[in-house]
A.B. asks: 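Would you mind keeping the following structure in view while I ask a few things?
Heavy atoms only: backbone and side chains are in, while hydrogens, waters and symmetry mates are out.
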Amino acid sequence: PAQNAPIAKPFTWPSPFNPANGEAQIGFFLDEAADVVLKIYTLQGRLVSSRSRSFGAGHQILPWNGRAASGTRVTQGGYLAVIEKRYGARVSTQKLKIAVLY
């Protein structure tokens, strides 16, 4: 198989992850250079963390340290990560679940 074949769905590792042992790595694919916004929500829909970064085309990794925007560690449980890929005027969104265990 081709090494650079697009990843259809984003994924995270390790899964589940323990923030005390390091960051979760969120892998995804960009069709072209884009500004990416990563938003982490509780399963109840509360925004926990949001960050943005510019990337080039291809396979990319964006880490999450398991901390809320306030800097405190999130509680154990499930979270929803939303990846917004902003290609100029076009926005593509992908979602994945992240499990946090201590």
A.B. asks: Check for me, please, whether Tyr41 and Val36 land in the same ILVMFWY cluster - side-chain distances under 4.5 Å, paths through other members count.
C.D. replies: no
A.B. asks: Working to the nearest 0.5 Å, report the span between CD of Glu23 and CG of Asn65.
C.D. replies: 5.5 Å
A.B. asks: Between atom OH of Tyr79 and atom CH2 of Trp64, what is the distance when rounded to the nearest 0.5 Å?
C.D. replies: 6.0 Å
A.B. asks: How does the hydrophobic cluster around Val37 look, that is, which other residues are in it when side-chain heavy atoms under 4.5 Å mark a link?
C.D. replies: none
A.B. asks: Output all residues satisfying side chain to side chain donor-acceptor pair (under 3.5 Å) with Arg86, sequence neighbours left out; order by chain, then residue number.
C.D. replies: Glu84
A.B. asks: Indicate, with yes or no, if Leu62 and Phe11 share a hydrophobic cluster defined by side-chain heavy-atom contacts under 4.5 Å among Ile, Leu, Val, Met, Phe, Trp and Tyr.
C.D. replies: no
A.B. asks: Which distance, rounded to the nearest 0.5 Å, do you find between the CG of Asp35 and the OH of Tyr87?
C.D. replies: 11.0 Å
A.B. asks: Would you name the heavy atoms of Phe29 and Lys85 that are closest together and state the gap between them?
C.D. replies: O-NZ, 2.7 Å
A.B. asks: Indicate, with yes or no, if Ile98 and Ile61 share a hydrophobic cluster defined by side-chain heavy-atom contacts under 4.5 Å among Ile, Leu, Val, Met, Phe, Trp and Tyr.
C.D. replies: no
A.B. asks: How long is the gap from CZ on Arg90 to CD on Glu32, to the nearest 0.5 Å?
C.D. replies: 5.5 Å
A.B. asks: If hydrophobic clusters are built by linking Ile, Leu, Val, Met, Phe, Trp and Tyr wherever their side-chain heavy atoms come under 4.5 Å apart, do Leu38 and Leu96 end up in the same one?
C.D. replies: yes
A.B. asks: Between Lys9 and Gln94, is there a donor-acceptor pair closer than 3.5 Å when you use the side chain of the first and the backbone of the second?
C.D. replies: no
A.B. asks: Indicate yes or no: at least one non-hydrogen side-chain atom of Thr12 is less than 4.5 angstrom from one of Ile26.
C.D. replies: yes
A.B. asks: Linking I/L/V/M/F/W/Y whenever their side-chain heavy atoms sit closer than 4.5 Å, directly or via other members, would Ile7 and Trp13 fall into one cluster?
C.D. replies: yes
